[in-house]
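In this chain, residues are counted from 1 in sequence order. If you're wondering where the values come from, they're calculated on a predicted model, not measured in any experiment. When reading the values below, keep in mind they use all heavy atoms of this one structure, side chains included, and skip hydrogens, waters and symmetry mates.
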Amino acid sequence: MLTPTRPRHRLAVALTALGVLLTGAALQTTTAAPAHAATTHRVLFDNGHAETAGNADWIISTSQPNPLSEDSSPSSETDWTGALSSWGVALQKTGDYSLDTLPSGSKLTYGGTSATDLSNFDTLVLPEPNTLFTTAEKTAIMTFVKNGGGLFMISDHTGADRNNDGYDAVKILNDLMTNNSVDSTDPFGFSIDSLNISSGYPAAISDSTNAVLHGSFGTVTKSLIANGTTATLKPADNSAVKGLLYRSGYSGNTGAFFATSTFGSGKVAFWGDSSPIDDGTGQSGNTLYDGWNDTGATNAALALNATEWLSS
């Protein structure tokens with residue numbers, strides 16, 4: 001009577017062992033997947049609004065929309081051509097970002113079929129635009145943010161009209177916030193000041209839990225003003241607005257050089273000058289200055305941490 005029992009026991013042991021092996025194989029398969037595959041952040045840099053007019057060179061690469069066509073594995077800022085190449089290369093090297101540029105002559109859209117349609121991205125970077133956004137573009141941008149997108153607005157000083165069309169980045173970005181079909185009632189809780197601040201090193205507030213000031217790319221202590229402006233915050237209109245770096249002598253609702261906010265399900269960041277994102281390299285014929293690596297500031301950490309916060 002014991003004889004039939006022994007095969008059943010062996011079969012049970014064999015099945016248990018097989019189950020362990022299959023479970024282990026499944027776990028091994030899951031672990032083998034690339035860590036960054038599920039967290040790729042899609043970022044679109046705008047060059048459809050005269051971001052290279054005059055002496056400006058606010059692009060990550062001359063290869064547009066895809067910078068990888070210039071160099072598929074960049075290791076230094078000069079592997080891509082543009083004054084924002086350091087920004088782009090730093091993101092690319094992490095393996096966590098997919099970067100594109102809206103080419104000159106193109107329009108921003110949301111919900112369309114274009115490869116550069118905002119529905120394909122997590123964050124839109126507006127690096128000192130110099131032409132007005134159309135009514136349709138403003139609707140696209142605001143809807144994108146309201147539905148969960150990240151918006152990075154970088155201004156410059158009043159009067160920085162690089163293409164002489166009567167509009168500078170201050171006017172253009174204020175127009176986006178106050179003259180759109182989605183929400184024109186101070187949706188982000190701040191307005192950009194019409195100022196030209198010649199120089200300074202705005203300091204970060206003390207907030208050890210803030211992801212922009214203390215992110216994976218480093219700790220932010222100061223930034224750089226080299227002819228830039230600030231913002232006036234209006235928390236009564238949007239309680240989420242927060243100043244992170246301030247012009248010397250200012251705090252609270254005035255003199256905010258870098259600020260963040262939210263709108264709908266999305267996030268917003270504002271920077272009052274394009275000088276901090278300039279890496280000093282770019283297309284031939286442009287006179288550029290290296291603010292990205294300015295030793296008195298932590299501009300790279302600020303740009304990269306903010307991109308990560310907006311995109312996540």
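- Arg247 contributes atom CZ, which lies 14.0 Å from atom OG of Ser223 (distance to the nearest 0.5 angstrom).
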*Evaluate side-chain hydrogen bond (donor to acceptor under 3.5 Å, both in side chains) for Thr101 paired with Gln64, printing each intermediate quantity in order.*
CA-CA 6 Å; Thr101 298; Gln64 300 171 11; 4.9 Å; no
*Hey, mind stepping through Thr52 and Asn47 against side chain to side chain contact (heavy atoms under 4.5 Å, CB included) and telling me if it holds?*
CA-CA 7 Å; Thr52 59; Asn47 186 34; 3.7 Å; yes
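- Checked against a 6.0 Å centroid threshold, the rings of Phe270 and Phe258 do not count as neighbours.
- Ile197 is not listed as a side-chain neighbour of Asn227, based on a closest heavy-atom distance of 4.5 Å or more.
- Counted by atom type alone, Asp79 and Ser75 present one or more donor-acceptor pairs between their side chains at under 3.5 Å.
- Side chains of Phe263 and Val182 form a contact here, defined as non-hydrogen atoms less than 4.5 Å apart.
- With a 4.5 Å cut-off on side-chain heavy atoms, Thr123 and Leu44 do not count as touching.
- Using modelled atom types, one side-chain atom of Asp165 and one backbone atom of Tyr167 make a donor-acceptor pair closer than 3.5 Å.
- A distance-only check finds a donor-acceptor pair linking the side chain of Asn120 to the backbone of Ser114 [under 3.5 Å].
- Between the CZ atom in Phe217 and the CG atom in Asn305 there is a gap of 7.0 Å [rounded to 0.5 Å].
- When each of Met153, Lys138, Met142 is checked for a side-chain contact (heavy atoms from CB on, under 4.5 Å) with Met177, only Met153 meets the rule.
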*Apply side-chain hydrogen bond (donor to acceptor under 3.5 Å, both in side chains) to Tyr289 and Asp294, showing your working.*
CA-CA 9 Å; Tyr289 303 91; Asp294 189 292; over 6 Å; no
*asked:* Quick one, Lys234 with Phe190, criterion side chain to side chain contact (heavy atoms under 4.5 Å, CB included). Give me CA distance, side-chain angles, the key distance, then yes/no.
replied: CA-CA 5 Å; Lys234 304 171 185 177; Phe190 66 85; 5.9 Å; no
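- Here the OG atom belonging to Ser275 is positioned 11.0 Å from the CG atom belonging to Asp290, to the nearest 0.5 angstrom.
- Defined by atom type and a distance below 3.5 Å, a donor-acceptor pair is present between the side-chain atoms of Asp117 and Thr109.
- For Asn286 against Asn55, the heavy-atom pair with the smallest separation is CA-OD1, 3.5 Å.
- Without hydrogens or angle criteria, Asn299 side chain to Ile277 main chain gives no donor-acceptor distance under 3.5 Å.
- Counting heavy atoms from C-beta outward, Leu310 and Leu151 have side chains that stay 4.5 Å or more apart.
- When atom types are taken as modelled, the side chain of Ser181 and the backbone of Thr139 share no donor-acceptor pair closer than 3.5 angstrom.
- The backbone N or O of Gly189 sits nowhere less than 3.5 Å from a side-chain atom of Asp237 that would complete a donor-acceptor pair.
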_Residues His41, Ser98; criterion side chain to side chain contact (heavy atoms under 4.5 Å, CB included); working and verdict_ = CA-CA 6 Å; His41 305 310; Ser98 174; over 6 Å; no
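- Classification of the Trp271-Phe152 ring pair by plane angle, with boundaries at 30° and 60°, yields parallel.
- If you take CG on Asp168 and OG on Ser155, they are separated by 7.0 Å, rounding to the nearest 0.5 Å.
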_From CA spacing to verdict: side chain to side chain contact (heavy atoms under 4.5 Å, CB included), Leu233, Val241_ = CA-CA 7 Å; Leu233 311 186; Val241 70; 3.9 Å; yes
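- Formation of a donor-acceptor pair under 3.5 Å by the Asn174 side chain with backbone atoms of Ile192 is found in this model.
- Side-chain contact between Ile172 and Phe133 is present, with at least one heavy-atom pair separated by less than 4.5 Å.
- When side chains are defined from C-beta on, Asp57 counts as touching Leu288, because their heavy atoms get closer than 4.5 Å.
- Put simply, the side chain of Ile225 reaches to within 4.5 Å of the side chain of Pro202, judged on heavy atoms.
- Leu304 and Trp58 fall within a single hydrophobic cluster, where Ile, Leu, Val, Met, Phe, Trp and Tyr side chains are chained together by heavy-atom contacts under 4.5 Å.
- Judged purely by distance below 3.5 Å, without hydrogens or angles, the side chains of Ser311 and Asp122 never pair a donor atom with an acceptor atom.
- Ile59 and Ile154 fall into different hydrophobic clusters, where Ile, Leu, Val, Met, Phe, Trp and Tyr residues are linked whenever their side-chain heavy atoms come under 4.5 Å apart, directly or through other members.
- Using a cut-off of 4.0 Å between Lys/Arg side-chain N and Asp/Glu carboxylate O, Asp161 and Lys171 are scored as not salt-bridged.
- A donor-acceptor contact shorter than 3.5 Å is absent between the side chain of Lys242 and the backbone of Ala259.
- The shortest heavy-atom contact between Asp279 and Ser86 is OD2-N, 2.8 Å.
- Minimum interatomic distance between Leu176 and Leu126 (heavy atoms only, all atoms of both residues): CD2-CD1, 4.3 Å.
- For Thr254 and Thr232, the side-chain atoms include no donor-acceptor pair closer than 3.5 Å.
- Using a 3.5 Å distance cut-off with no hydrogens or angles, the side chains of Trp80 and Glu70 do not pair a donor with an acceptor.
- Judged purely by atom type and a 3.5 angstrom limit, Tyr97 has no side-chain atom pairing as donor or acceptor with the backbone of Arg42.
- The shortest non-hydrogen separation linking Leu224 to Ala297 is N-CB, 4.2 Å.
- In this model, a donor atom of one side chain and an acceptor atom of the other lie less than 3.5 Å apart for Asp207 and Thr209.
- A 6.0 Å sphere centred on OH of Tyr201 holds more than 12 heavy atoms belonging to other residues, nucleotides or ligands.
- For the atom pair NZ of Lys146 and OG1 of Thr262, the computed distance is 13.0 Å after rounding to the nearest 0.5 Å.
- Atom-to-atom distance recorded for Leu102:CG and Leu124:CG is 8.5 Å, nearest 0.5 angstrom.
- Between Phe45 and Trp87, the distance separating the two ring centers is shorter than 6.0 angstrom.
- Judged by distance alone, the side chain of Thr229 and the main-chain N or O of Asp193 form a donor-acceptor pair under 3.5 Å.
- The shortest heavy-atom contact between Ala140 and Leu118 is O-CD1, 4.0 Å.
- With a 4.5 Å cut-off on side-chain heavy atoms, Glu308 and Leu91 do not count as touching.
- Counting only distance, with no hydrogens or angles, the side chain of Ser85 and the backbone of Thr81 share no donor-acceptor pair below 3.5 Å.
- Considering all non-hydrogen atoms of both residues, Ala301 and Val220 come closest at C-CG2, 3.9 Å.
- Salt bridge status for Arg162 with Asp156: present, with a side-chain N to carboxylate O gap under 4.0 Å.
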